[in-house]
> 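First the structure, then my questions, so here it is.
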Amino acid sequence: MKIYTKTGDKGQTSLIGGTRVPKFHLRIECYGTVDELNSYVGLIQCQDIDIHAKQVLKEIQDRLFTIGASLAADPEKSKMKIPDLNLTDITLLEEEMDKMNEILPELKHFVLPGGNTVVSYCHIARCICRRAERLTVHLATESFVDDKVTIYLNRLSDYLFVLARKLGFDDKTDESIWLPRL
Amino acid sequence: MKIYTKTGDKGQTSLIGGTRVPKFHLRIECYGTVDELNSYVGLIQCQDIDIHAKQVLKEIQDRLFTIGASLAADPEKSKMKIPDLNLTDITLLEEEMDKMNEILPELKHFVLPGGNTVVSYCHIARCICRRAERLTVHLATESFVDDKVTIYLNRLSDYLFVLARKLGFDDKTDESIWLPRL
Amino acid sequence: MKIYTKTGDKGQTSLIGGTRVPKFHLRIECYGTVDELNSYVGLIQCQDIDIHAKQVLKEIQDRLFTIGASLAADPEKSKMKIPDLNLTDITLLEEEMDKMNEILPELKHFVLPGGNTVVSYCHIARCICRRAERLTVHLATESFVDDKVTIYLNRLSDYLFVLARKLGFDDKTDESIWLPRL
Ligand code: B12
Ligand code: B12
Ligand code: B12
Ligand SMILES: C[C@H]1O[C@@H](n2cnc3c(N)ncnc32)[C@H](O)[C@@H]1O
Ligand SMILES: C[C@H]1O[C@@H](n2cnc3c(N)ncnc32)[C@H](O)[C@@H]1O
Ligand SMILES: C[C@H]1O[C@@H](n2cnc3c(N)ncnc32)[C@H](O)[C@@H]1O
Ligand SMILES: [Mg+2]
Ligand SMILES: [Mg+2]
Ligand SMILES: [Mg+2]
């Protein structure tokens with residue numbers, strides 16, 4: 001089967017449930033940005049990093065598809081079975097952060113994003129995650145969004161921040177802090 | 001001549017044709033995002049990939065400038081000769097997909113974006129292309145946009161998806177599919 | 001202390017000064033995008049490029065935090081001392097461009113973004129910088145924004161363009177120009 005169906009050439013698309021909406025609908029913007037985030041998570045996942053982080057990032061990619069399906073379902077109509085996001089998906093991120101934080105020096109300042117390539121990728125992914133969060137929080141003021149989706153995205157940007165620090169630490173990369181010029 | 005002309009320091013800029021618009025005008029947002037996409041296509045183009053894909057990506061970069069000029073032209077005023085986007089530019093993308101698809105295993109599920117670095121870049125570019133498409137479809141509801149521009153962007157994101165799979169295949173990278181946890 | 005404070009789980013956040021705003025407020029969108037830009041600048045900064053550019057990019061990262069603080073401060077309320085962006089921060093970018101331009105061939109056409117990986121990163125950063133500029137110019141029509149912030153972002157995208165050309169030149173990468181197909 002061909003990937004290009006041409007069904008979107010008139011600028012509309014279908015939610016799960018069948019409702020047609022314009023492609024610039026906030027709901028599409030949300031799952032489109034989650035897709036962008038997922039691509040960045042994939043970029044980090046395939047770098048030469050510790051195997052545990054690799055596994056967690058795969059989990060996260062799976063969960064971003066769950067979130068994508070949840071955002072793509074028309075809240076008014078969809079009776080289709082879509083996979084659920086669980087509270088344990090959120091606590092997993094928290095536990096991973098707690099573990100990584102044990103070995104990291106305490107932070108009292110912002111860090112300049114960067115140090116090495118994969119650390120930089122984490123910071124970029126963190127920012128795209130926050131962009132996805134902003135859009136999803138916006139959508140939630142107009143339409144139904146599962147609370148767990150916005151909370152997951154919130155925690156994921158914190159996870160990506162801690163992961164950036166941890167991968168820099170593993171690589172013995174210096175952390176530069178921002179000291180405001182006052 | 002200096003690159004920095006300071007003419008945009010007050011927050012306005014000129015369309016082709018001379019009309020002044022604020023920089024956050026949807027039309028500027030559109031060609032600014034096509035520029036971002038073009039930069040990502042350039043990143044893929046200069047990686048170590050097969051020579052044929054490299055040539056096609058150069059063509060695509062050229063065509064994104066054609067699209068940029070088309071979007072930057074004031075539809076009310078511009079009499080300037082700008083280059084045309086052709087239907088054959090779209091069919092080229094389709095033919096390229098058809099050729100790549102011949103060697104690829106059939107897909108019945110989403111794939112987790114990633115696998116190796118250049119495959120990940122393709123997925124990121126695919127998502128930025130879709131962001132550009134959303135904006136351009138939006139602009140088309142308010143102002144004139146050549147249909148071929150939105151269709152080209154639609155097909156280009158599909159092309160980038162198939163290219164991602166093809167470059168992963170060349171590199172013998174495993175494809176992970178998403179199996180919803182139901 | 002834990003990084004994840006959960007204070008943002010309801011979709012609101014605090015400006016400097018304490019005012020609560022929704023996370024999709026244009027002001028948050030602005031500093032969120034400056035953060036994304038900063039992450040890209042960090043990616044360029046840690047590549048194998050000339051040491052002088054590395055130092056300038058560190059400076060720029062510092063200045064993007066200054067801009068972040070300026071954008072995050074509630075203009076109605078904040079009496080907190082935040083660091084100042086200076087006119088000399090802007091002229092530094094201009095002087096750096098002038099120096100790099102001395103060795104570069106004159107341009108009469110657009111260049112296809114790309115050539116090598118770090119040049120491509122510069123082009124992507126340039127485009128994100130322009131996205132940040134568009135948002136900030138928008139915010140300035142609704143609320144107070146220091147003029148130096150928008151001018152700095154404007155000049156920074158030009159700096160990133162010239163840096164892209166300069167790093168390509170150092171690496172003896174061919175520059176492809178866009179010749180419109182008329
Ligand atoms: C939401 C959605 C997306 C979202 C989010 C998905 C998510 N869960 O996060 C995003 C934006 C990521 C997306 C991306 C793409 N999508 Co999409 N998507 C949909 C949509 C609207 C719902 C899918 C869904 O999540 N269903 C919920 C799950 C739980 O149930 P399900 O329907 O059984 O889902 C399965 C199938 O839809 C699917 N599937 C079956 N056959 C095929 C074939 C292909 C090629 C793909 C990619 C998937 C696929 O795999 C799912 C999981 O097992 C459908 C259209 C529709 N209304 O159903 C299109 C649809 C599946 N997508 C499609 C395409 C082409 C793509 C992209 C290639 C587009 C692009 N150029 O980027 C990418 C592929 C991304 C990837 N990594 O594989 C096509 C597939 C056409 C085909 N049969 O070949 C569809 C049918 C839309 C269409 N008519 O054109 N998509
Ligand atoms: C639309 C536009 C863009 C768009 C889209 C372009 C496209 N076609 O896709 C985007 C967003 C990509 C863009 C980016 C940039 N642009 Co521009 N752009 C324009 C604009 C408004 C129209 C250009 C156009 O497409 N014309 C249609 C073509 C068919 O006709 P043309 O006008 O004969 O086009 C030729 C010249 O404009 C041009 N050209 C001539 N001299 C120079 C010098 C430089 C340095 C460049 C980059 C181009 C250039 O090359 C074109 C093709 O041959 C002009 C201003 C204007 N109103 O004309 C600025 C303009 C050409 N851009 C300019 C600049 C500085 C840039 C950037 C460096 C900004 C930045 N910091 O990112 C980048 C460079 C990108 C690159 N890869 O080279 C300046 C050039 C100043 C100078 N003479 O040195 C101009 C004149 C605007 C200005 N007054 O500041 N731009
Ligand atoms: C604006 C802002 C941002 C902006 C812009 C900052 C800028 N200047 O460009 C951006 C978007 C970049 C940002 C990002 C993050 N931020 Co922030 N940010 C703020 C905010 C609202 C103001 C900070 C500021 O610039 N103040 C002006 C400066 C001049 O004065 P200052 O307040 O003395 O600033 C110092 C401290 O705030 C700070 N600091 C003190 N302790 C800690 C601990 C941590 C972990 C961090 C990152 C910073 C930090 O360092 C600053 C400079 O010395 C504060 C909350 C608030 N209302 O104060 C949160 C805050 C500092 N951020 C926070 C967090 C968690 C983050 C992120 C990790 C979020 C994420 N997941 O991406 C990242 C880290 C980025 C990095 N590179 O280090 C938390 C820190 C929690 C903690 N104590 O552990 C705060 C307190 C918000 C909260 N309640 O959750 N942030
Ligand atoms: C660290 C700071 O970032 C801001 N903040 C919280 N959530 C987001 C988001 N999704 N995008 C951008 N900024 C955000 C808040 O102001 C917080 O205090
Ligand atoms: C694969 C699915 O992606 C959605 N879709 C179609 N076009 C875009 C776009 N430009 N951006 C984001 N999502 C899009 C549709 O819902 C389609 O079915
Ligand atoms: C080079 C051209 O880019 C446009 N331009 C100026 N500032 C921005 C921005 N922040 N984002 C996108 N496009 C911009 C103007 O049309 C200018 O002439
Ligand atoms: Mg399609
Ligand atoms: Mg300018
Ligand atoms: Mg938080």
> Taking side chain as everything from C-beta outward and backbone as N, CA, C, O, which of these in A:Phe161 sits under 4.5 Å from a heavy atom of chain C? Side chain, backbone, both or neither.
side chain
> Starting at CD1 of A:Ile151, measure out to NZ of C:Lys6 and round the result to the nearest 0.5 Å.
9.0 Å
> State, with a plain yes or no, whether a side-chain heavy atom of C:Thr66 is found less than 4.5 Å away from one of A:Trp178.
yes
> Are there over 12 heavy-atom neighbours, none belonging to A:Lys54, within less than 6.0 Å of that residue's NZ?
yes
> Does a side-chain heavy-atom distance below 4.5 Å link C:Gln61 with A:Pro113?
yes
> Please rank C:Glu29, C:Gln12, C:Gln45 by heavy-atom pairs under 4.5 Å with chain A and give me the top one.
C:Glu29
> For C:Asp62 and A:Leu179, which heavy atoms make the closest approach, and how far apart are they?
OD2-O, 4.2 Å
> Nearest 0.5 Å please: distance from the CG atom of C:Asp9 over to the CG atom of A:Asp147.
9.0 Å
> Identify which part of A:Thr141 has an atom lying under 4.5 Å from any heavy atom of chain C, answering side chain, backbone, both or neither.
side chain
> May I ask you to say whether A:Arg126 pairs ionically with C:Asp35, meaning some side-chain N is under 4.0 Å from a carboxylate O?
yes
> Kindly compute the distance separating CZ (A:Arg130) from CD (C:Glu36), expressed to the nearest 0.5 Å.
11.5 Å
> In terms of heavy-atom proximity below 4.5 Å to chain C, should A:Leu93 be classed as side chain, backbone, both, or neither?
neither
> Between NZ of C:Lys58 and CG of A:Leu112, what distance do you get to the nearest 0.5 Å?
6.0 Å
> Could you state the interatomic distance from OG1 (A:Thr117) to CD (C:Gln47), rounded to the nearest 0.5 Å?
4.0 Å
> Below 4.5 Å, heavy atoms only, C-beta onward: do A:Met100 and C:Ile3 meet side chain to side chain?
no
> In terms of heavy-atom pairs under 4.5 Å with chain C, which of A:Val162, A:Asn116, A:Asn101 leads?
A:Asn116
> Measuring from atom CD1 of C:Ile28 to atom CZ of A:Arg134, what distance do you get when rounded to the nearest 0.5 angstrom?
8.5 Å
> Of all of C:Thr13, C:Ile128, C:Asp89, C:Thr33, which one pairs up most often with chain A through heavy atoms under 4.5 Å apart?
C:Asp89
> Closest heavy-atom contact between C:Tyr4 and A:Arg155?
CB-CD, 3.7 Å
> With a 4.5 angstrom heavy-atom cut-off, is it the side chain or the backbone of A:Ser176 that approaches chain C, or both, or neither?
side chain
> Tell me, for A:Val118 versus chain C, whether the close heavy atoms (under 4.5 Å) come from the side chain, the backbone, both or neither.
neither
> Give, as side chain, backbone, both or neither, the part of A:Glu133 having an atom under 4.5 angstrom from any heavy atom of chain C.
side chain
> Can you see which heavy atom on C:Cys46 is nearest to which on A:Ser120, and at what distance?
SG-OG, 3.7 Å
> Is C:Asn86 close to A:Arg181 at the side-chain level, that is, under 4.5 Å between some pair of heavy atoms?
yes
